[in-house]
Amino acid sequence: MTKNKLVLIDGNSIAYRAFFALPLLNNDKGVHTNAIYGFTMMLTRILEDEKPSHILVAFDAGKTTFRHQTFSEYKGGRQKTPPELSEQFPFIRELLDRYSISRYELENYEADDIIGTLSLQAEKEGFEVKVISGDKDLTQLSSENTTVAITKKGITEIEEYTPAHIEEKYGITADRIIDMKGLMGDSSDNIPGVPGVGEKTALKLLKEFGTLEDLLKSIDQVSGAKLKEKLEQHKDQAIMSKQLATITREAPVEVSLQDLHYKGYELDQVKSLYKELGFNSLLDKLGVADEDAEEESLAEISYTIVEKIEQEMLTDHSAFYVEILEDNYHYADITGFSIVNESGSYFISKEAALQSELFKKWAEDPDKKKTVYDAKRSEVSLRHHGIHLKGVDFDLLLATYIIDPSETIEDVASVAKKHGYSAIQSDEIFYGKGAKRKVPETEQLAEHLVRKALVLDSLKNQLIDELEENKQSDLFYNLEMPLSLILADMESFGIQVDLNRLKEMGKEIILKLDEIEKNIFALAGEAFNINSPKQLGVILFDKLGLPVIKKTKTGYSTSADVLEKLEADHEIIREILHYRQLGKLQSTYIEGLLKVVNNESEKVHTRFNQALTQTGRLSSTDPNLQNIPIRLEEGRKIRQAFIPSEQDWVIFAADYSQIELRVLAHIADDEKLISAFREDLDIHTKTAMEVFHVEAEDVTSNMRRHAKAVNFGIVYGISDYGLSQSLGITRKEAGQFIERYLESYPGVKQYMEDIVYDAKQKGFVTTLLQRRRYLPEITSRNFNLRSFAERTAMNTPIQGSAADIIKKAMIDMAARLEKENAKSRLLLQVHDELIFEAPKDEIELLSKIVPEVMENTVELKVPLKVDFSFGPTWFDAK
DNA sequence: CGAACCACGC
DNA sequence: GACGTACGTGGTTCGC
């Protein structure tokens with residue numbers, strides 16, 4: 001027989017935790033649901049992980065408890081429960097009822113005491129007990145048979161307190177936790193303890209003397225006159241504090257263990273509450289989403305499966321959808337087409353379309369306007385069949401992204417749903433996922449694709465209005481839409497790779513890796529998997545006994561910054577760092593790249609995601625060509641494998657110098673920063689002069705390094721913590737640096753304040769070209785979420801405007817190359833740089849027009865500056 | 001198959 | 001004072 005397992009949940013504490021950990025969610029009825037939601041997440045997780053045979057959720061009863069008789073100020077000075085939370089408690093109780101989980105509260109006692117009493121009873125009956133709370137006080141219940149799980153951050157992560165863990169963490173046994181509380185008190189419960197004694201002192205004393213009572217008997221042996229006096233003075237208070245902190249195991253609870261037996265829940269009960277609360281993701285998890293989607297039959301539509309395309313089907317304005325199942329459209333084939341316009345709704349098979357001259361003519365006619373979803377994807381795939389898509393006047397994907405980049409866009413259905421349009425299934429449901437994915441019969445496929453085109457047709461005007469309302473039409477029509485065509489060109493053309501060079505480098509690296517591996521095994525005294533942080537941790541910290549600097553939630557951290565601190569302690573560290581560096585090159589950049597090179601052309605065709613980042617930047621996948629190594633020479637050599645696609649051509653690279661800081665100077669209108677850029681000063685040195693109040697010649701390299709890191713922090717919106725990490729200084733020092741920076745540039749300081757205020761008023765921030773980012777969490781009462789939103793408010797206009805600028809430069813550049821009749825082509829964009837390939841005889845031309853176009857694409861209060869270089873490979877363009 | 005960890009770029 | 005900290009992509013390991 002399996003052991004009985006009782007789970008005891010501290011209801012109030014978990015509700016509080018959930019409430020403060022999650023943003024203040026609202027459901028459609030205007031009820032706040034964050035605590036309910038968090039509580040539900042926690043509960044379902046517990047049921048799944050623990051599979052309890054018995055379960056109870058305990059709540060605090062009224063305001064006063066037996067503890068108030070001992071100490072009337074117990075829990076005094078506590079903030080009132082926010083009304084936004086109070087209103088959620090009835091729903092939490094309802095939730096438990098729906099789950100058929102017992103709940104209990106007891107007059108004069110706290111949830112802790114109920115839990116303490118029942119856990120003791122259960123232990124005596126031979127149960128395994130698990131206590132779940134957000135309050136560390138409960139750890140005193142930890143015993144051989146009882147584990148106490150305390151939520152750590154948010155609500156999903158927990159720390160398990162077993163007696164062993166407590167000993168390891170505090171160096172005292174579990175039953176001394178209350179002695180610790182007696183000494184140090186607890187400000188949240190208003191338990192006084194002994195003034196001036198905190199966790200460290202308390203632990204030291206208990207380790208030396210045993211229990212609190214033992215200690216108080218031997219006060220004269222305590223070292224330190226002050227401490228002695230304090231203990232003597234507050235003896236009684238300490239005893240009382242211990243009493244207050246002690247959870248009673250003998251509360252008069254009226255439920256028996258048998259009452260807590262858990263028999264599972266009625267799916268319908270839970271389902272209907274989830275629906276009422278609007279917990280859609282949880283409904284999905286219950287596995288009812290699919291069922292529902294099938295149940296809920298979509299409104300019927302009529303359409304034609306086209307055998308032969310006729311002229312009257314191809315009118316002047318159509319919604320046109322191109323389906324490609326695989327995500328990599330460079331290699332996947334078209335699945336089918338659909339067209340919706342005033343003449344009708346049509347499904348056209350790939351064959352029927354591609355054989356038709358009429359279709360090709362229509363697709364390539366710029367006067368036949370098309371509304372599409374993902375123009376770039378459609379364009380690239382049609383090109384494989386010799387068709388150049390023209391006349392796209394609306395791209396639903398890009399419009400959705402422009403309106404709110406935070407929406408996750410998966411397919412046409414996800415976009416439709418967001419706009420209240422539900423007559424379509426998601427691709428995941430329609431085609432299936434993973435191994436189960438398949439293309440259904442023509443009839444069904446036709447309907448699905450026609451539904452997509454219907455979405456395009458019916459959402460278009462609505463989104464045009466929204467763009468107009470947001471003043472984003474210019475951004476949409478004149479920036480993102482034309483850019484998608486330029487990106488299509490760049491992606492389709494691809495970049496030539498020197499396969500031999502790459503393979504040679506791979507061989508060399510393998511030899512070196514073998515060598516290093518041997519050294520590491522010799523130094524470790526055994527063979528192990530160096531790539532496994534877990535195994536590596538055992539070797540370094542258990543076997544070799546190196547000091548543990550940082551832990552992750554699953555074990556020792558072996559990240560580079562940790563290892564760097566250990567470099568002096570053992571020579572194995574340097575070898576491991578080197579192994580990691582080369583391993584990364586080998587797996588990601590040699591093997592990874594080789595995997596995606598086109599066998600015939602020996603080119604790579606990345607895909608730029610134009611509708612993903614929150615800031616407006618592009619991203620790049622398969623392969624990611626925006627993170628090819630450059631910092632370390634060994635890695636930088638990878639760039640030697642990227643070569644021009646034609647004989648006697650060169651790679652030409654141009655990058656904006658300090659574009660973000662220039663943008664900052666402009667939007668913050670900071671006098672000093674503006675003049676620094678107008679005089680073309682070294683901005684890091686200039687910042688060092690300002691921050692450290694020294695003359696240019698007195699700026700040391702260390703000052704400049706610090707100034708550079710602060711500038712970096714400003715640009716990327718990192719916190720004092722982030723800055724402290726990157727400079728290896730304390731958080732306080734980092735905070736002081738930031739403060740001094742802001743004093744040095746008062747315009748920047750003003751901007752930072754204004755933009756946060758503005759974001760709080762409007763709920764979003766904008767960039768130079770009206771890109772938006774919504775920041776709902778900027779009004780959160782959760783410090784974390786709010787701070788993050790505030791930094792984002794400061795940073796996004798900077799980074800996003802820089803992204804706007806380079807995107808515009810790409811468009812201007814494409815036009816200029818055409819005007820000059822140049823053969824040179826744009827290949828890549830890496831956030832602040834553009835990479836071209838060019839015939840040698842156009843180097844001179846590019847040297848003139850690239851900086852000219854890039855520097856003048858927008859006019860700011862400071863000049864934009866572009867550096868460039870060229871060479872036979874990307875490596876040499878430095 | 002997904003989560004966790006690590007590392008590369010801007 | 002808590003809390004966990006720029007944006008991305010991709011590789012490996014590990015447990016389910």
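Small disclaimer: the values here were computed from a predicted structure and weren't measured.
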With P as the reference atom in both, quote the distance from C:dG4 to B:dA4 in angstrom, rounded to an integer. 14 Å
Taking only the P atom of each, what is the distance from C:dT5 to B:dC6 in whole angstrom? 14 Å
Side-chain donor or acceptor of A:Q610 paired with backbone N/O of A:E480 under 3.5 Å: yes
Would you say that more than 12 heavy atoms from the other residues, nucleotides or ligands in this model lie under 6.0 Å from the NZ of A:K708, or not? no
Decide if atom NZ of A:K136 counts as having more than 12 heavy atoms of other residues, nucleotides or ligands within a radius under 6.0 Å. no
Counting only distance, no hydrogens or angles, is the base of C:dT5 paired donor-acceptor with the side chain of A:S719 under 3.5 Å? yes
Taking only side-chain nitrogens and oxygens of [X], does any of them come within less than 4.0 Å of OP1 or OP2 of [N]?
X	N	result
A:Q535	C:dC14	yes
A:S532	B:dC5	no
A:R617	C:dC7	no
A:T615	C:dC7	no
A:R791	C:dA6	yes
A:K534	C:dG15	yes
A:R631	B:dG9	yes

[X] has an atom [atom1]; how far is it from atom [atom2] of [N], in whole Å?
X	N	atom1	atom2	result
A:Q610	C:dG8	CD	C1'	16 Å
A:D561	B:dC6	CG	P	9 Å
A:Q581	B:dC8	CD	P	7 Å
A:I718	C:dG4	CD1	P	18 Å
A:H831	C:dC7	NE2	P	13 Å
A:K553	C:dC3	NZ	C1'	14 Å
A:F712	C:dC7	CZ	P	12 Å

For salt bridge (charged side-chain N to carboxylate O under 4.0 Å, His left out), just list the numbers for A:R617 and A:E660, CA-CA rounded to whole Å, side-chain angles, deciding distance to a tenth of an Å, and then say yes or no. CA-CA 13 Å; A:R617 279 184 170 185; A:E660 282 97 350; 3.5 Å; yes
Using a heavy-atom cut-off of under 4.0 Å over every strand shown, decide if [X] touches base, sugar-phosphate, or nothing.
X	answer
A:Q614	sugar-phosphate
A:R731	base
A:L612	sugar-phosphate
A:F783	base

Stepwise, does the ring-ring contact (aromatic ring centres under 6.0 Å, His included) test hold for A:F875 with A:F642? CA-CA 8 Å; A:F875 177 87; A:F642 292 90; over 10 Å; no
Do the ring planes of A:F652 and A:F868 sit parallel (below 30°), tilted (30 to 60°) or perpendicular (above 60°)? parallel
Check DNA chain C for consecutive Watson-Crick or G-U pairs with both distances under 3.5 Å and list the runs of at least three as stems. B:1-9 with C:7-15
Sorted by chain and residue number, the ring-ring contact (aromatic ring centres under 6.0 Å, His included) partners of A:Y656 (sequence neighbours excluded) come out as none
By ring-ring contact (aromatic ring centres under 6.0 Å, His included), A:H684 pairs with (sequence neighbours left out) none
Closest nucleotide of DNA chain C for A:N784 versus for A:N795: which of these residues is on the 5' side? A:N784
Partners passing salt bridge (Lys or Arg N to Asp or Glu O under 4.0 Å) against A:K865 (at least two apart in sequence or in another chain): A:D680
What pairs with A:D682 under salt bridge (Lys or Arg N to Asp or Glu O under 4.0 Å), at least two apart in sequence or on another chain? A:R704
Could you go through nucleotides 10-12 of chain C and list every protein N or O atom that sits under 3.5 Å from one of its N or O atoms, giving the distance for each pair?
{"from": "C:dG10", "atom 1": "OP1", "to": "A:D622", "atom 2": "N", "distance (Å)": "2.8"}

So A:D561 and A:K550, salt bridge (charged side-chain N to carboxylate O under 4.0 Å, His left out) or not? Walk me through it. CA-CA 10 Å; A:D561 60 313; A:K550 199 163 78 184; 3.5 Å; yes
